[in-house]
Amino acid sequence: MRNLRIYSNNKYVKKMNVHKLVNALSEKLNFSILSLDINFISAKRIKKINIDYLNHSYSTDIITFNYSKQVNNFDAEIFISIDDAVVNSDKYNVSIQNELTRLVIHGILHLLGYDDQKKNKKILMKRQENKLLNTFKFILL
């Protein structure tokens with residue numbers, strides 16, 4: 001995908017696999033990309049983004065910004081905290097590659113309009129996330 005850029009200097013992130021995953025998701029979920037940056041960053045950096053743009057004073061595993069406000073043609077950025085992903089992988093007893101794959105899927109679902117703020121919507125999003133993770137587990141990041 002020529003409009004997809006992956007930023008990371010972390011050994012866990014295999015950029016080619018991120019491209020393969022996003023391409024497979026775009027075919028499965030029928031979306032296109034005007035511009036999409038996926039940034040794998042530290043907990044310190046994601047906390048600063050969370051404070052500056054969302055007024056939340058804590059780290060989080062993922063933050064997604066959709067600048068186009070379109071759900072099938074993205075102009076967006078996804079920020080994923082490697083540090084929080086490592087903590088989550090230990091907490092849920094999954095590999096870091098599995099957790100990073102889940103987070104990329106989670107970010108794409110947010111761009112498609114999925115919401116995880118209310119319990120009933122969170123259940124729907126988690127169900128779709130798990131389905132996609134099982135479908136594309138062969139592309140582990």
Side-chain angles (χ1 to χ4, degrees), residues 1-137 139-141:
M1 302 197 114
R2 62 189 159 124
N3 299 328
L4 172 63
R5 286 166 304 282
I6 312 303
Y7 298 99
S8 175
N9 59 2
N10 191 282
K11 66 181 180 182
Y12 296 122
V13 178
K14 295 172 180 61
K15 292 180 183 182
M16 183 61 76
N17 288 354
V18 177
H19 278 270
K20 287 178 186 176
L21 176 61
V22 173
N23 188 51
L25 289 168
S26 73
E27 290 176 12
K28 175 83 172 166
L29 301 173
N30 196 32
F31 65 84
S32 58
I33 296 173
L34 290 171
S35 176
L36 177 59
D37 293 350
I38 302 178
N39 306 278
F40 294 89
I41 60 177
S42 68
K44 181 178 177 181
R45 187 153 171 237
I46 207 165
K47 181 178 179 181
K48 178 150 179 39
I49 293 167
N50 215 5
I51 291 167
D52 291 349
Y53 296 96
L54 302 174
N55 296 315
H56 301 146
S57 185
Y58 52 84
S59 182
T60 186
D61 53 3
I62 187 167
I63 297 176
T64 306
F65 295 104
N66 186 350
Y67 304 118
S68 67
K69 305 297 182 201
Q70 297 178 33
V71 294
N72 287 51
N73 197 17
F74 305 153
D75 179 9
E77 285 183 286
I78 296 173
F79 296 89
I80 295 174
S81 167
I82 294 284
D83 301 323
D84 289 281
V86 168
V87 169
N88 288 344
S89 71
D90 289 341
K91 180 179 179 180
Y92 297 111
N93 199 29
V94 298
S95 71
I96 185 63
Q97 289 77 21
N98 183 287
E99 183 63 12
L100 290 172
T101 301
R102 184 190 70 77
L103 288 169
V104 171
I105 291 169
H106 188 87
I108 295 293
L109 290 176
H110 272 307
L111 295 175
L112 288 168
Y114 282 80
D115 184 17
D116 58 1
Q117 296 302 307
K118 294 183 180 177
K119 186 177 179 181
N120 61 333
K121 291 185 177 189
K122 186 174 187 170
I123 290 168
L124 291 174
M125 184 175 187
K126 190 66 173 174
R127 189 175 296 146
Q128 180 71 334
E129 186 179 296
N130 289 336
K131 181 179 170 184
L132 292 167
L133 185 60
N134 285 329
T135 301
F136 298 114
K137 62 185 170 192
I139 310 177
L140 286 178
L141 305 182

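Quick note: numbers below take in every heavy atom, side chains included, and nothing from hydrogens, waters or symmetry partners.
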Taking the side chain from [X] and the backbone from [Y], do they hold a donor-acceptor pair closer than 3.5 Å?
| X | Y | value |
| --- | --- | --- |
| T60 | I46 | no |
| N134 | N130 | yes |
| N66 | Q70 | yes |
| N39 | I41 | no |

Check the side chains of [Y] and [X] for a donor-acceptor pair under 3.5 angstrom, ignoring hydrogens and angles.
| X | Y | value |
| --- | --- | --- |
| N73 | S32 | yes |
| H106 | D116 | yes |
| E77 | Y67 | yes |

Checklist entry - Which residues pass the side-chain contact (heavy atoms from CB on, under 4.5 Å) test with L29, sequence neighbours left out? => result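 So L29 forms a side-chain contact (heavy atoms from CB on, under 4.5 Å) with L25, F31, I108, L109, L112, Q128, L132.
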
Next on the checklist: My understanding is that only residues two or more places apart in sequence, or in another chain, count here; which of them pass side-chain contact (heavy atoms from CB on, under 4.5 Å) with S89?
Outcome noted: V94, I96, E99

Next on the checklist: Angle between ring planes, Y58 versus H56, binned at 30° and 60°: parallel, tilted or perpendicular?
Outcome noted: parallel

Checklist entry - With sequence neighbours excluded, what pairs up with Y92 under the ring pair (Phe, Tyr, Trp, His ring centres under 6.0 Å) test? => result none

Checklist entry - Got a sec, which residues hit ring pair (Phe, Tyr, Trp, His ring centres under 6.0 Å) with Y53, two or more places apart in sequence or on another chain? => result F65

Item to check | Check against side chain to side chain contact (heavy atoms under 4.5 Å, CB included), H19 and I6 | outcome: CA-CA 8 Å; H19 278 270; I6 312 303; 3.6 Å; yes

Shortest non-hydrogen contact from [X] toward [Y]:
| X | Y | value |
| --- | --- | --- |
| D83 | A43 | OD2-N, 2.7 Å |
| L36 | L111 | CD1-CD1, 4.0 Å |
| A24 | I139 | CB-CD1, 4.1 Å |

Item to check | Chi angles and distances behind the side chain to side chain contact (heavy atoms under 4.5 Å, CB included) call for I38, V22 | outcome: CA-CA 10 Å; I38 302 178; V22 173; 3.9 Å; yes

To the nearest 0.5 Å, how far apart are [atom1] in [X] and [atom2] in [Y]?
| X | Y | atom1 | atom2 | result |
| --- | --- | --- | --- | --- |
| N98 | L103 | CG | CG | 9.5 Å |
| S57 | I51 | OG | CD1 | 4.0 Å |
| H110 | I78 | NE2 | CD1 | 9.5 Å |
| N3 | I33 | CG | CD1 | 7.0 Å |
| F74 | S26 | CZ | OG | 9.0 Å |
| N23 | N17 | CG | CG | 12.5 Å |

side-chain hydrogen bond (donor to acceptor under 3.5 Å, both in side chains) involving [X] - partner list, sequence neighbours excluded:
| X | result |
| --- | --- |
| K122 | none |
| D52 | K48 |
| D84 | S59, S81 |
| T135 | none |

Checklist entry - Which residue pairs satisfy the salt bridge (Lys or Arg N to Asp or Glu O under 4.0 Å) criterion with at least one member in residues 15-34, sequence neighbours excluded? => result none

Checklist entry - Which residue pairs pass the salt bridge (Lys or Arg N to Asp or Glu O under 4.0 Å) test with at least one member in residues 60-69, sequence neighbours excluded? => result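 Qualifying pairs, neighbours excluded: D61-R102.
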
Next on the checklist: Taking CG in N120 as the centre, count heavy atoms belonging to other residues, nucleotides or ligands within less than 6.0 Å. Is the count above 12?
Outcome noted: yes

I want to check something: taking the side chain as every heavy atom from C-beta on, are [X] and [Y] in contact at a cut-off of under 4.5 Å?
| X | Y | result |
| --- | --- | --- |
| N10 | F40 | no |
| V18 | L100 | no |
| F79 | T64 | no |

Item to check | By salt bridge (Lys or Arg N to Asp or Glu O under 4.0 Å) - contacts of D37 (at least two apart) | outcome: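 So D37 forms a salt bridge (Lys or Arg N to Asp or Glu O under 4.0 Å) with R5.
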
Item to check | Stepwise side chain to side chain contact (heavy atoms under 4.5 Å, CB included) test for Y114 and K121 | outcome: CA-CA 7 Å; Y114 282 80; K121 291 185 177 189; over 6 Å; no

Item to check | Residues V104, I62; criterion side chain to side chain contact (heavy atoms under 4.5 Å, CB included); working and verdict | outcome: CA-CA 9 Å; V104 171; I62 187 167; over 6 Å; no

